[in-house]
> 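Here it is, the structure in full.
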Amino acid sequence: MSTIVSMQNTSDRRTDAGKLDVDRIRQDFPILRQQVNGKPLVYLDNAATTQKPAAVIEAIRRYYESTNANVHRGVHRLSVEATDAYERARATVQRFIGAARAEEIIFVRSATEAVNLVAHSFGRSRITAGDEIIISAMEHHSNIVPWQILCEQTGAQLRVVPINDDGEFLFDEYKKLLGPRTKMVAVVHLSNALGTINPVRRIIETAHRHNVPVLIDGAQAASHLKLDVRQLDCDFYALSGHKLYGPTGIGALYGKYDLLDRMGPYQGGGDMIRSVSFEKTTYNDLPFKFEAGTPNIAGAIGLGAAIEYVERIGLDLIAEHEADLLNHATQSVLQIPEVRLIGRARQRASVLSFVIEGIHPHDVGTILDQEGIAVRTGHHCAQPVMQRFGVPATARASVGMYNTKAEIDALAAGIRKVIEVFA
Ligand SMILES: Cc1ncc(COP(=O)(O)O)c(C=O)c1O
């Protein structure tokens, strides 16, 4: 496929001025060519899920057409090739996030499952009545509810770091909450509801001074921020494939080897065992101990292809482009007096969350859809954030590498139209 061949060359994704060549990038995403309601699709729902480049679609198609077999069990050729491709994808994730060893990468269904794995497995062995788990007030439900379930089961308590009116993590409050009872800190890297980038390095450093491990929810961050888990020194990092230009149904958990090694299994079944008898079962080595049953082989290969695609373009260049877009979007929307931004942190990426006075966000989303513009409306699986800002829901535009300034202008024009309709 010519699109894929052309992706071997990174220089053709830069303009002469050294910027991201968005027109070229857009050619790699077949879905963006379509019209919605008679208008060119303006896809600004990247925080919910990103679109997939041809390189990812092609990698999955190629896998099913030429390699499909179960992994880790067969001696026949296809099984060996499928296993190699699956393990290569693991090595790609390892390289992308800067992990020391491939065994530290556990393939899971989603970022949600990554957090659940840690809450269940780490939590069950380490957390007891009277212990405390610290999260922040800007977490996605998937980094709240697993810890609440753990608290219900163990008698531990959840402590919540508050945020200020701009949607920023209150570091001094965090320091006050950390204490001898704290057994885990779990914080989002980049908030899906506010766009806030948290000072995760400092959060981790501070927790470590109390010997407390830290899980970072990187579901949003991985496609917008360059990542190095060793430099961050996080203990766990949760990743989502479908928000990183990869397929749905695949994600990854990074965990430090020694921690993962000491944790009990998450689910029981095939592949996660070394030997089984009715008297005693012993468990497999990392990472297989946490991958019970047939994994999402095609999904992992698709995720590997997505990461390679992102790497070829370069996250630095993507981040620079997205920062320009977010800045442009913020300036444009702030000129509309009826609009109130929810989330104005100094460090922000991708997400523009807003409400329009007197108009329900669902109506905003419906009218924008008539203009071919896809944004998300609702609580964004972050109901405590909505409560904090006293709104039932927001409209959220979120940019990815393929969005353009013209699309941001279309959004601003769409918002003005919504206001006219409801005037
Ligand atoms: C910050 C954050 N954490 C976790 C999740 C859950 O990710 P997944 O869809 O991979 O389960 C999301 C999804 O929107 C998110 O935005």
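Only a predicted model underlies this, so the values are computations on that prediction, with no experimental measurement involved. Remember, it's 1-based here, ligands and their atoms both numbered in the order they're listed.
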> For the residue pair Phe171 and Tyr174, categorise the inter-ring angle as parallel (less than 30°), tilted (30 to 60°) or perpendicular (more than 60°).
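The arrangement is perpendicular - the two ring planes meet at more than 60°.
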> Please list, in number order, the atoms of ligand 1 under 4.0 Å from a heavy atom of Asn192.
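Listed by number with element: 1 (C), 16 (O).
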> Among all protein heavy atoms, pick out the one at the shortest distance from atom 15 (C) of ligand 1; state its residue, atom name and that distance to 0.1 Å.
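Checked against all protein heavy atoms, atom 15 (C) of ligand 1 sits closest to His140 CD2, 3.2 Å.
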> Heavy atom to atom 6 (C) of ligand 1, shortest distance: which of Val108, Thr49, Thr112, Ile144 holds it?
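The nearest heavy atom belongs to Thr112.
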> I'd like to know whether the aromatic ring centres of Tyr266 and Phe290 sit less than 6.0 Å apart in this structure.
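No, too far apart.
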> Aromatic rings Phe107 and Tyr86: how do their planes relate, parallel, tilted or perpendicular, breaks at 30° and 60°?
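Correct class here is tilted.
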> Please classify the Lys243 to ligand 1 contact at 4.0 Å (heavy-atom distances, strictly less than): side chain, backbone, both or neither.
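Just the side chain.
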> At the 4.0 Å heavy-atom cut-off, does Ser142 count as touching ligand 1?
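The answer is yes: ligand 1 sits under 4.0 Å from a heavy atom of Ser142.
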> Any atom of ligand 1 sitting under 4.0 Å from a heavy atom of Asn143?
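Per 4.0 Å heavy-atom rule, Asn143 does not contact ligand 1.
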> Does ligand 1 have a heavy atom under 4.0 Å from the side chain of Asp217, from its backbone, from both, or from neither?
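Looking at Asp217 and ligand 1, just side chain atoms fall under 4.0 Å.
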> Is the distance from the ring center of His379 to that of His141 below 6.0 Å?
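Yes, close enough.
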> Between the side chains of Glu205 and Arg202, is the shortest nitrogen-to-carboxylate-oxygen separation below 4.0 Å, so that they form an ion pair?
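Between Glu205 and Arg202 there is no salt bridge, as every charged N stays at least 4.0 Å from the carboxylate O atoms.
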> Below 6.0 angstrom between ring centroids: does that apply to Phe236 and Phe122?
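Under 6.0 Å, so yes.
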> State which residue, out of Asp235, Leu178, Ile133, fulfils the side-chain contact (heavy atoms from CB on, under 4.5 Å) condition with Val212.
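Among Asp235, Leu178, Ile133, the one meeting side-chain contact (heavy atoms from CB on, under 4.5 Å) with Val212 is Leu178.
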> Does a salt bridge link Arg90 with Glu291, judged by any charged N lying under 4.0 Å from a carboxylate O?
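Yes, charged N to carboxylate O under 4.0 Å.
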> Whether Arg396 engages the ring of Phe354 as a cation-pi pair (distance to the six-membered ring centre under 6.0 angstrom, angle to the ring normal within 45°) should be assessed.
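No, Arg396 does not lie over the aromatic ring of Phe354.
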> Using a 4.0 Å cut-off to any heavy atom of Val188, which atoms of ligand 1 qualify?
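Counting from 1, the qualifying ligand atoms are 1 (C).
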> Which of the numbered atoms in ligand 1 are below 4.0 angstrom from a heavy atom of Gln220?
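Every atom of ligand 1 under 4.0 Å from some heavy atom of Gln220: 1 (C), 14 (O), 15 (C), 16 (O).
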> Return the residue, atom name and 0.1 Å-rounded distance of the protein heavy atom closest to atom 7 (O) of ligand 1.
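For atom 7 (O) of ligand 1, the nearest protein heavy atom comes out as Ala111 CB, 3.6 Å.
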> Any idea which protein heavy atom is nearest atom 10 (O) of ligand 1, and the distance to it?
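For atom 10 (O) of ligand 1, the nearest protein heavy atom comes out as Ser240 OG, 2.7 Å.
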> Checking contacts here: is it the side chain or the backbone of Glu139 that comes within 4.0 Å of ligand 1, counting heavy atoms only? Could be both or neither.
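Glu139 to ligand 1: no contact under 4.0 Å from either part.
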> So, 4.0 Å and heavy atoms of His242: is ligand 1 close enough to count as a contact?
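It does, in that a heavy atom of His242 comes within the 4.0 Å cut-off of ligand 1.
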> So if I count the atoms of ligand 1 from 1 in the order they appear, which ones are less than 4.0 Å from some heavy atom of Ser110?
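Under 4.0 Å from Ser110, ligand 1 has these atoms: 8 (P), 10 (O), 11 (O).
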